[in-house]
Amino acid sequence: MHSLDPAAHLTRVRATTPLVHNITNHVAMNPMANVLLALGASPAMVHAREEAAEFAALAGALTLNIGTLSPHWLDAMDDAARAATAAGTPWVLDPVAVGATRFRREAGDRLLALAPSVIRGNASEILALAERTGGGRGVDSTAAPEGAEAAAASLARRSGAVVAVTGERDLVTDGTRLARVAGGHPLMPRVTALGCSLSGVVGAFLAGAEDPFAATVAALASYAVAGEQAGEAARGPGSFAVAFLDALHALDATTLTEHARLELTDAP
Amino acid sequence: MHSLDPAAHLTRVRATTPLVHNITNHVAMNPMANVLLALGASPAMVHAREEAAEFAALAGALTLNIGTLSPHWLDAMDDAARAATAAGTPWVLDPVAVGATRFRREAGDRLLALAPSVIRGNASEILALAERTGGGRGVDSTAAPEGAEAAAASLARRSGAVVAVTGERDLVTDGTRLARVAGGHPLMPRVTALGCSLSGVVGAFLAGAEDPFAATVAALASYAVAGEQAGEAARGPGSFAVAFLDALHALDATTLTEHARLELTDAP
Amino acid sequence: MHSLDPAAHLTRVRATTPLVHNITNHVAMNPMANVLLALGASPAMVHAREEAAEFAALAGALTLNIGTLSPHWLDAMDDAARAATAAGTPWVLDPVAVGATRFRREAGDRLLALAPSVIRGNASEILALAERTGGGRGVDSTAAPEGAEAAAASLARRSGAVVAVTGERDLVTDGTRLARVAGGHPLMPRVTALGCSLSGVVGAFLAGAEDPFAATVAALASYAVAGEQAGEAARGPGSFAVAFLDALHALDATTLTEHARLELTDAP
């Protein structure tokens, strides 16, 4: 059994300042960079096909997000994912609204076939992906946490990726193990791109990690604790966003250990 | 006479969480998403031609902003506007700096011809558009509020759109009625993209509204009241932007009714 | 000897509200616009090749930043730089991560050949550019301030540009004079795009300035003083970013004169 000690992972991120290469959507670029800087990582946003693969090979982790997609960017994502895989660099797929249009469904299929290390999405996105790989139960099961857990575990087994489903309560599974992460704050979905930015944080925790499952759990736990602390000072979504960056920057291993609320079990 | 009860419109937005599809400029994407989330709407930024029309047909409203234009995006805007019209979905045109270059003038003409439900701009932008449709009095009249009112009413009659001119004092006209909306704060023009974000808010109020004129007035009144309240806590444009999101999130129907300063009259 | 009175330059910026045209990266667009508005300038982000040159000729200054480059944008930057030069408009090159990939090295060469008025980067970027023009000492000298000073002075003489190297301590040189600017705050590198935004501020100070060297020093001094003042109120990078905009907006000539820490010497 691998340890789920999230503090050890946070300490590694802080000690190594991992370079995280992100091809993400236009809304998320700025907050994601600020979240990664507040965490102690080094973000880079590089999307031109002329340099995406070259840059991906230099980074400690890569993240791909289809939020504001275009065909050129999708080609660059494909190049970057292949370069990351060739270099042994972990990469994260964030399948934003993957079920909404044909273009997104095809983009999701194409990137999923390139074997991401981690897939992070909300329940609808993970269910949409799981269904396309033959393992989901349909979008109707969104409301039922057990439905999301079974779909996520199935997607993990079929894709070989760690799958993280984030929402009011987060879950992470590699198809064998399943962790539930509590915490966060009701204002988090009222601040744009906090979910997208979390995919960057997962990237930072993956860089240099031996166990992608434990690293992903540590990323989500750090986010959840920072979110709880930010909520104490917030008067609305504007002040929450500010307090969240301050809290993530101030988060230390001791606080994380004390406040992380994790449950580890077998995957369904 | 239609009611101008803005609180009823705010209550509808809060109850329905309208999906607002925006093709907007790179500067505005992030604050516009945050403004819409703070208001209680659901923003989506989708600009690829491969999916813009498909997505527009799913949304409760569409907004198009030419602030950081490119030919590809303009084509996607054209597709999205046609799809919205075909689906009976209201859409907002934000003609940023439409008079500044030939490319923008042509973009403005092209989108105006697609029959927006609402056009929202500052006085110079509305005057530039009005002049191109033969109804303006030239940019020299920018300084005179009466000039803007006459140009806006003329543009409304020729285009069939509700026209909103925002600035120190806002006005809305459908060519027959004219409303003046007071409020806001002098720091608002010192925060980038608050005007662009207001076009998103107009979109949120249009979704499901019977009277686009009254819905637009309600959007502007909500913005003006939130701006006044944010100004009380602000020490400069940085803290104003934060307080504005908090105020928009906290705004309720009672506060809006108490603080909205509206005047309704006949259009010139 | 030209005066280094930074307050006179700040007073000119505030009195003239210069229009600064920026083709910058996706991460920086929003904070750069907010920084320029807080300063009292008028930012415009216009990147389409169909209008970049036309717009550059209207502006008081132009800034080009290769942070999230693509071939189309590079062509538009080329057009805009030529139009600015033809119109006698000063322009700033921000060579983000210029050494990281082949695409960036070639972009840096291409833009450098168009004779920027000012080049602003961190020590690694300036050293990478200096080396390509035959005047650097290699990236290994990054750690040694004297290495950066000699490389910057050499790059200034070869390119004809004022060169600004920003970091813990800033330096500005035109190849003959060299100024060191102290100040700022350790949280500044933890907020994304503050360096990129500074290039916009340099643009605002260049508009209408007789001496680009003194104008650049004034821009850096204003930034450093606002950074120091923001640091007093900050609890982390989130609240720092907010306080920085407030401090830049509140900065006046008297405060700048009192708090600016400048040293003027001969270039090495």
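All heavy atoms count here, side chains included; hydrogens, waters and symmetry mates do not. First the proteins, then the strands, lettered A, B, ... as listed; each starts at 1.
- A:Arg102 has no carboxylate O lying under 4.0 Å from a charged side-chain N of B:Glu54, or vice versa, which leaves the two without a salt bridge.
- Contacts with chain B were tallied for A:Leu187, A:Asn25, A:Leu69; A:Leu69 has the most, counting heavy-atom pairs under 4.5 Å.
- Under the 4.5 Å side-chain criterion, counting only non-hydrogen atoms from C-beta, A:Arg235 is not in contact with B:His249.
- In this pair, A:His72 and B:His72 present their aromatic rings perpendicular. The plane angle is above 60°, beyond the 30 to 60° band.
- Of the two parts of B:Ala250, neither the backbone nor the side chain holds a non-hydrogen atom closer than 4.5 Å to a non-hydrogen atom of chain A.
- To the nearest 0.5 Å, atom CE of residue B:Met29 and atom CG of residue A:Asn30 are 13.0 Å apart.
- For B:Ala57, no part lies under 4.5 angstrom from a heavy atom of chain A.
- Closest heavy-atom contact between B:Val242 and A:Ser239: CG1-N, 3.5 Å.
- Interface residues of residues 219-229 of chain A toward chain B, defined by a heavy-atom distance below 4.5 Å: none.
- Interface remark: of the candidates B:Asp246, B:Leu37, B:Val46, B:Leu245, B:Asp246 forms the most heavy-atom pairs closer than 4.5 Å to chain A.
- Rounding to the nearest 0.5 Å places CZ of A:Phe103 at 4.5 Å from CD of B:Glu50.
- Under the 4.5 Å side-chain criterion, counting only non-hydrogen atoms from C-beta, B:Thr68 is not in contact with A:His26.
- Taking all atoms of both residues into account, the shortest heavy-atom contact from A:Ser70 to B:Ala48 is CA-CB, 4.1 Å.
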Between B:Asn34 and A:Val191, is a side chain to side chain contact (heavy atoms under 4.5 Å, CB included) present by the stated rule, with each step listed?
CA-CA 6 Å; B:Asn34 275 324; A:Val191 178; 4.0 Å; yes
